[in-house]
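One structure below.
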Amino acid sequence: MPEKIRPSIGKIEGMLGRRYGHPPWTASRPLMDVLVETILSQNTSDSNSHRAFLALKKKYPGWEALAGAQTGSIARTIRSGGLENIKSRRIKDLVSFILGKRGKAGLEFLKKMPREAAYRYLLAIKGVGPKTAACTLLFGAGIPVYPVDTHIYRVSSRLGWVKRKEDRESFQERFRKLVPDKMVYPLHLNLIEHGRRICHPRKPECLDCCLNKACNWKEKPHESVH
DNA sequence: ATCCTGGACG
DNA sequence: CGTCCAGGAT
């Protein structure tokens, strides 16, 4: 029974594409930039994390300088993003590690590795979990891994794609294999967009939802709202 | 003035 | 499961 998921993925992807457009894959950025920005975005709103990223990039234009910086001054630089004490530590350690190991603070070598190996390499870094590792590879290298953030997890749950008791990481691993490579990027982006605009955590706007017909979420507000 | 949101780790 | 944080929404 829970194996009707596969066909519905293509259907949902199409519906979202018609509603929000088919986002083109934009030119890849340095993987280290993407990784740092993604760490800053953990448990942090886009506007806050992006502001912090710009400040950090401005202060340490080549990431190498982070290795010799005081965590305190890194923390002050990214303070507007929140969680600066953990994140400054983690970013400094990560850059120092790569720099020490590879001689430069870059991650482009990941592009030459098999998908799984690159993913596991990132996962092994402290402060890099499944979502961050996947985002780095998808946005930095166009490698079709499927990051599951809180929006995707929520919307996917309502769509019936998430099994009972299945956590984010398990879902990310399993679902990845069900999504055709070329759908990974647009589906990821459009599900997030949909989660933000319509399928809110608290009060989803099911009446304005382009997926309403395809969604069997049980707690859907009733049609007659008057 | 409180409430809410957002990943990874100890 | 508690902790880490700021800024925007209510």
Side-chain angles (χ1 to χ4, degrees), chain A residues 31-59 66 69-98 107 110 118-140 143 145-158 161-162 164-176 184 187-206 208-209 219 221:
Chain A
L31 281 158
M32 186 61 83
D33 284 38
V34 180
L35 177 56
V36 170
E37 180 150 32
T38 308
I39 289 174
L40 289 171
S41 80
Q42 294 166 356
N43 263 60
T44 305
S45 67
D46 276 3
S47 55
N48 287 3
S49 65
H50 192 242
R51 190 187 308 117
F53 176 77
L54 293 178
L56 189 65
K57 185 83 175 161
K58 185 175 181 190
K59 180 148 185 186
L66 280 169
Q70 301 270 356
T71 22
S73 76
I74 300 174
R76 276 193 296 282
T77 310
I78 61 173
R79 182 177 38 88
S80 70
L83 307 176
E84 66 274 12
N85 290 316
I86 341 173
K87 289 180 178 179
S88 57
R89 179 83 261 163
R90 288 177 183 168
I91 289 169
K92 178 183 172 177
D93 287 352
L94 165 203
V95 168
S96 308
F97 173 75
I98 305 290
L107 291 168
L110 290 175
Y119 181 72
R120 273 185 276 105
Y121 184 95
L122 288 172
L123 254 196
I125 298 171
K126 184 180 299 183
V128 179
K131 188 262 187 180
T132 302
C135 277
T136 303
L137 295 178
L138 179 61
F139 292 100
I143 296 173
V145 284
Y146 188 76
V148 173
D149 71 357
T150 181
H151 299 290
I152 295 195
Y153 187 67
R154 179 182 66 255
V155 178
S156 299
S157 301
R158 288 173 179 164
W161 288 348
V162 178
R164 291 161 60 92
K165 296 299 237 170
E166 186 176 34
D167 62 21
R168 283 225 315 254
E169 184 172 9
S170 320
F171 174 66
Q172 172 170 311
E173 296 299 311
R174 181 178 62 84
F175 197 70
R176 164 63 193 95
V184 164
L187 185 63
H188 172 81
L189 257 42
N190 282 342
L191 273 179
I192 291 176
E193 186 66 11
H194 190 64
R196 289 208 238 259
R197 284 157 67 150
I198 303 289
C199 199
H200 310 119
R202 288 296 178 71
K203 239 185 58 190
E205 300 172 49
C206 299
D208 295 328
C209 179
E219 300 161 54

Checklist entry - For B:dC4, does either OP1 or OP2 sit under 4.0 Å from a side-chain N or O belonging to A:Arg202? => result yes
Item to check | Separation of atom CD in A:Gln42 from atom P in B:dG7, rounded to whole Å | outcome: 8 Å
Next on the checklist: Can you tell me how the ring of A:Tyr146 sits relative to the ring of A:Phe171, calling it parallel under 30°, perpendicular over 60° and tilted otherwise?
Outcome noted: perpendicular
Checklist outcome for this item: Of C:dC4, C:dG7, B:dA8, the nucleotide closest to the side chain of A:Ile86 is C:dC4
Next on the checklist: By nearest atom, which of the nucleotides C:dA6, B:dA8, C:dC4 is closest to the A:Arg79 side chain?
Outcome noted: C:dA6
Checklist entry - What is the distance from CG of A:Leu40 to C1' of B:dA8, rounded to the nearest Å? => result 14 Å
Next on the checklist: How many whole angstroms separate atom CZ of A:Arg168 from atom C1' of B:dT5?
Outcome noted: 12 Å
Checklist entry - Nearest 0.5 Å, what's the CG-OH distance between A:Leu138 and A:Tyr119? => result 12.0 Å
Checklist entry - Counting any heavy atom closer than 4.0 Å, what does A:Lys126 reach on the DNA or RNA strands: base, sugar-phosphate only, or nothing? => result sugar-phosphate
Next on the checklist: So if I take every side-chain heavy atom of A:Ser47 and compare against B:dG6, B:dA8, C:dG8, which nucleotide ends up nearest?
Outcome noted: C:dG8
Checklist entry - If you look at every strand shown and take non-hydrogen atoms under 4.0 Å, does A:Ser45 touch a base, only sugar-phosphate, or nothing? => result nothing
Next on the checklist: Quick check on C:dC5: is either OP1 or OP2 less than 4.0 Å from any side-chain nitrogen or oxygen of A:Arg51?
Outcome noted: no
Next on the checklist: For a quick test of reading the model: is some side-chain N or O of A:Thr132 closer than 4.0 Å to OP1 or OP2 of B:dA8?
Outcome noted: yes
Next on the checklist: Nearest whole Å is fine: how far is C:dC4 C1' from A:Lys87 NZ?
Outcome noted: 9 Å
Next on the checklist: Is the phosphate of B:dG6 approached by A:Thr150 (side-chain N or O, under 4.0 Å from OP1 or OP2)?
Outcome noted: yes
Checklist outcome for this item: To the nearest angstrom, the CZ-C1' distance between A:Arg196 and C:dA9 comes to 15 Å
Checklist entry - Between A:Thr44 and A:Leu123, which has a closest nucleotide on DNA chain B that is more 5'? => result A:Thr44
Checklist entry - When you measure from the side chain of A:Glu84, which nucleotide among C:dC5, C:dG7, B:dT5 comes out closest? => result C:dC5
Checklist entry - With respect to the phosphate group of C:dC5, does any side-chain polar atom (N or O) of A:Asn85 fall under 4.0 Å of OP1 or OP2? => result yes
Checklist outcome for this item: Atom CD1 of A:Ile78 and atom P of B:dG6 are separated, to the nearest Å, by 20 Å
Item to check | Distance-only donor-acceptor check, side chains A:Ser96 and A:Asp93, under 3.5 Å | outcome: no
Checklist entry - Are the side chain of A:Glu169 and the backbone N or O of A:Pro130 linked by a donor-acceptor pair below 3.5 Å? => result no
Checklist entry - With a non-hydrogen cut-off below 4.0 angstrom, is A:Ile125 in contact with a base, only sugar-phosphate, or nothing? => result sugar-phosphate
Checklist entry - Any sub-3.5 Å donor-acceptor pair from A:Arg168's side-chain atoms to A:Tyr153's backbone N or O? => result no
Next on the checklist: I need the NE2-C1' distance between A:His50 and B:dT5, as an integer number of Å.
Outcome noted: 19 Å
Checklist entry - A:Ile39 CD1 to B:dG6 C1': how many Å, rounded? => result 15 Å
Next on the checklist: When you measure from the side chain of A:Gln42 to the backbone of A:Lys131, do you find a donor-acceptor pair of N or O atoms at a distance under 3.5 Å?
Outcome noted: no
